[in-house]
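Reading through the structure tokens given below for one structure.
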There are 2 protein chains.
Amino acid sequence: MRLIVADCTVNYRGRLDAHLPRAHRLIMIKADGCVAIHSDGGAYKPMNWMTSPNILVEEDDSLRVTNNDDELLEISIHCRISDTNYDFGDEPSLQKDGVEAHLQELLAINPQEIQEGLVLVKKEYYTDIGPVDLLCQDPTGEYVAVEIKRRGEIDGVEQLTRYLEFIGKDPDHSPVRGIFVAQIIKPQAKVLAESRGIAAIEVDYDHLRGLRRPQLSLF
Amino acid sequence: MRLIVADCTVNYRGRLDAHLPRAHRLIMIKADGCVAIHSDGGAYKPMNWMTSPNILVEEDDSLRVTNNDDELLEISIHCRISDTNYDFGDEPSLQKDGVEAHLQELLAINPQEIQEGLVLVKKEYYTDIGPVDLLCQDPTGEYVAVEIKRRGEIDGVEQLTRYLEFIGKDPDHSPVRGIFVAQIIKPQAKVLAESRGIAAIEVDYDHLRGLRRPQLSLF
DNA sequence: AGGTGTATGTCGCAT
DNA sequence: ATGCGACGTACACCT
């Protein structure tokens, strides 16, 4: 990783045009070639950048970065304050846990936690318009499309509505009803869902995590 | 801006749990207090971070960053390779051109560029479910809701559909039809829009920028 | 504080 | 390559 601290002016031309007037900034060039320009405030994200792959042409007083989408990042360096290079070696992989995927797994194993009697037919059921999180059947044999979110908002209801519209046209899986599942569901999303005949159900992640395997039926 | 290059281990606990095994990385602490941990590859964005405002507690061999949402970023420093601090002074503001807001302004001045005879009623017409980009009227007096995107995709059509549904219920602005405007509209979005009776119209930003004022009518 | 929309969103996965 | 959904999305702006 190369870190250049410099007094510089920056222009970007591509998906939009952007101009950074002259000031002191950090220019970060990573091993994969991506370039980012950070100011000292505002946000953790850079003010300007160019992702990899790209072509970097360096001169004494400038860096010109281009990619194959005709985007251009041009850095004029008025004064170089520092310019250091570090070898970081290998990066061991980042480990993450606890996102929607996990919630989906837990509910796939325990669909009865969504609604009494639900049985899983297919996890990640791929339709032409996108994947349905869980396709289930209820005790009457009716199909149930389940959309799972960490936080339930309006766009999730829209998404499930599209799936229901699509699956409803498929005679093999029709009739079908929808259930919108999330840890927390916003009032608007709840209203929209119910106005469309979609059940909105909140589930507790910690409770689900406690269930290692399907609950044994008492009957 | 403070830049620490160090051999470190990182843990984040909050909206998810994440763990970064021991390796060499850059720790960036900006003037506003936000903290970001960058590896040397992958992307311009940090592997882990904590936005401002937060509370940073520093010890010889660790940084502990917490915020008021009970999120925790914990950096154990095994070996400090460098630790430097820079004063960047003021950051003059970033200037951007070509974002949706500009497209919206240009079309608000020249609604006839969307469709012959359109007249602007209100820019950013706020409804209870969100702002409609442009509310216009056509020569017959019918209301026209215009949704503007840089790139036209399905979610934009959904958005406009919600607005139309809502405005349609308002006797003062009913009947209403919709127009979906973008520089480029994806085929699926075009199909979805037209299946809902919404016109999908592509406009040229550079052409619009050339029109400083409304075109004079020839008639 | 909460809701909604934008972003040079980025990223990953399936088709 | 394109389509689609998730993201610790972050962020600005309006009610």
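Every chain is numbered from 1 and lettered A, B, ... according to where its sequence line falls, protein lines coming before strand lines.
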If the [atom1] atom of [N] is compared with that of [M], how far apart are they to the nearest Å?
N	M	atom1	value
D:dA6	C:dA7	C1'	15 Å
D:dG8	C:dG5	P	22 Å
C:dT4	C:dT8	P	23 Å

Could you tell me how far apart [X] ([atom1]) and [N] ([atom2]) are, to the nearest whole angstrom?
X	N	atom1	atom2	result
A:Arg151	D:dG5	CZ	P	18 Å
B:Lys96	D:dA12	NZ	P	10 Å
A:Lys186	D:dT15	NZ	P	18 Å
A:Arg162	D:dG3	CZ	C1'	12 Å
A:His19	C:dT8	NE2	C1'	17 Å
B:His102	D:dA12	NE2	P	16 Å

For the aromatic rings, using the six-membered ring if either is Trp, is the centroid distance between [X] and [Y] under 6.0 Å?
X	Y	answer
A:Tyr44	A:His38	no
B:His24	B:His78	no
A:His19	A:Tyr12	no

*In this structure, which one of A:Val121, A:Ile148, A:Val181, A:Leu118 forms a side-chain contact (heavy atoms from CB on, under 4.5 Å) with A:Leu134?*
A:Ile148
*Looking at B:Asn67, B:Leu63, B:Leu56, B:Thr66, which hits side-chain contact (heavy atoms from CB on, under 4.5 Å) with B:Met50?*
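Testing B:Met50 for a side-chain contact (heavy atoms from CB on, under 4.5 Å) against B:Asn67, B:Leu63, B:Leu56, B:Thr66 leaves exactly one candidate, B:Asn67.
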Mind checking if [X] touches a base, just sugar-phosphate, or nothing, with heavy atoms under 4.0 Å?
X	value
B:Gln104	nothing
B:Gly130	sugar-phosphate
B:Glu153	nothing
A:Glu124	nothing
B:Arg13	nothing
A:Glu158	nothing

*Check each residue of residues 43-50 of chain A for a non-hydrogen atom within less than 4.0 Å of any atom in DNA chain C, then write out the ones that pass by number, or none.*
A:Met47, A:Asn48, A:Trp49
*Output yes if the stacking criterion (under 5.5 Å between centres, under 30° between planes) is met for B:Tyr126 over the base of D:dT15, else no.*
no
*Give a yes/no on whether any side-chain N or O of B:Gln159 is located under 4.0 angstrom from OP1 or OP2 of C:dT6.*
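For B:Gln159, the contact criterion (side-chain N or O under 4.0 Å from OP1 or OP2 of C:dT6) is met.
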*Hey, is the side chain of A:Tyr163 poking within less than 4.0 Å of OP1 or OP2 on D:dG5, counting only N and O atoms?*
yes
*Can you tell me if CG on A:Asp204 sees more than 12 non-hydrogen neighbours from other groups inside 6.0 Å?*
yes
*side-chain hydrogen bond (donor to acceptor under 3.5 Å, both in side chains) contacts in which one or both residues fall within residues 49-58 of chain B, not counting sequence neighbours*: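 Pairs touching residues 49-58 of chain B that pass the test: B:Arg2-B:Glu58.
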*Any side-chain heavy atom of A:Arg15 sitting closer than 4.5 Å to one from A:Glu71?*
yes
